[in-house]
Structure formats: structure tokens, C-alpha cells
Amino acid sequence: MAAEADVDTVLVTLFAGRDETAVLHPGRKYYGVAPVYGTGYYGRGRVYGVPYQVGETQDFWAEHTSVHLTAKLYEVSTADRLWEASAGIEESDDIAQMRSAFIDSFMGDLAAHGIVDRK
């Protein structure tokens, strides 16, 4: 198919597996600063800030599903493997978007290594 399409290289992306991991997301506390007016050592007035808590989120556990992919770049004329990479990405409902994002990232890495000319 690659020879018929008259391309120099072929990128083959394979599904390598899926895993689920429970991840603890720690809660956070949010603070504001209240101005407080007082007198200094010499009786002069001064303003300083005092922090106070304005909000808080609790810790929570979330299940994260990752999809692992392997991609290989082959030269069509010799069938030599030029480059190989493995990656894991957060699973999404939109498989086409995941595939597109992975390939864009992969091709960017290839271009950064000077393996392909990205136009």
C-alpha cells in the first residue's frame, strides 16, 4: 500500500494495552489576606496583612485509564525501522482525537530529531 501511495516512510501505530490506576488528588486550602491596622513601635500607624481561609476542597480518589501505544516509522524502500516510540496517554471518549493527538506529538518528536521534515 505504501509503495502504491508513493510515500517514503510509513508510520505504524499499534495498541499496546490499557491500564487503570487509582490516583489520590489531595485537597487544597484557599486563603485571602485581610488588612489589619495597628501601631508600630514608635506609635505610628501601619498596615499589615493577616491570612484567613476562604475555602477548601477535600481529598478525592479518581480512577484514571491510560492507553498505551507503540509507534514505528519504517522506510518503504528498504523496510528498515527508522524509529520507534512508546507512549501512554489518558483515555478519552473520542478515539479519533486521541489517535490524532498521538500522531501529531509523535511526528513532532521525529521532526525534532531530524528524522522527518515536517512541513
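Bear in mind that the values here come from a model prediction, so they are computed numbers and not experimental data.
Sorted by first then second residue, the salt bridge (charged side-chain N to carboxylate O under 4.0 Å, His left out) pairs that include residues 89-98, not counting sequence neighbours, are Arg18-Glu91. The stretch residues 74-100 participates, sequence neighbours left out, in these ring pair (Phe, Tyr, Trp, His ring centres under 6.0 Å) pairs: Trp83-Phe106, Trp83-His113.
Aromatic ring orientation, His64 versus His25: tilted (interplanar angle from 30° to 60°).
Counting only distance, with no hydrogens or angles, the side chain of Thr57 and the backbone of Arg28 share a donor-acceptor pair below 3.5 Å.
Val33 belongs to no hydrophobic cluster with other residues, because no ILVMFWY side-chain heavy atom falls under 4.5 Å from its own, directly or through intermediates.
Val76 and Ala2 get closest at one heavy-atom pair: CG2-CB, 3.6 Å. Between Lys72 and Thr70, the shortest heavy-atom contact is CE-CG2, 4.1 Å.
For the pairing with Leu82, the side chain to side chain contact (heavy atoms under 4.5 Å, CB included) check across Leu11, Val10, Leu73 returns one residue only, Leu73.
Within 6.0 Å of CG on Asp80 lie more than 12 heavy atoms contributed by other residues, nucleotides or ligands. Residue-environment remark: CZ (Phe15) exceeds the threshold of 12 foreign heavy atoms within 6.0 Å.
Atom OG1 of Thr13 and atom CG of Leu69 lie 7.0 Å apart (nearest 0.5 Å).
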Would His68 and Asp19 satisfy side chain to side chain contact (heavy atoms under 4.5 Å, CB included), going step by step from the backbone distance to the final call? CA-CA 8 Å; His68 300 276; Asp19 66 9; 3.3 Å; yes
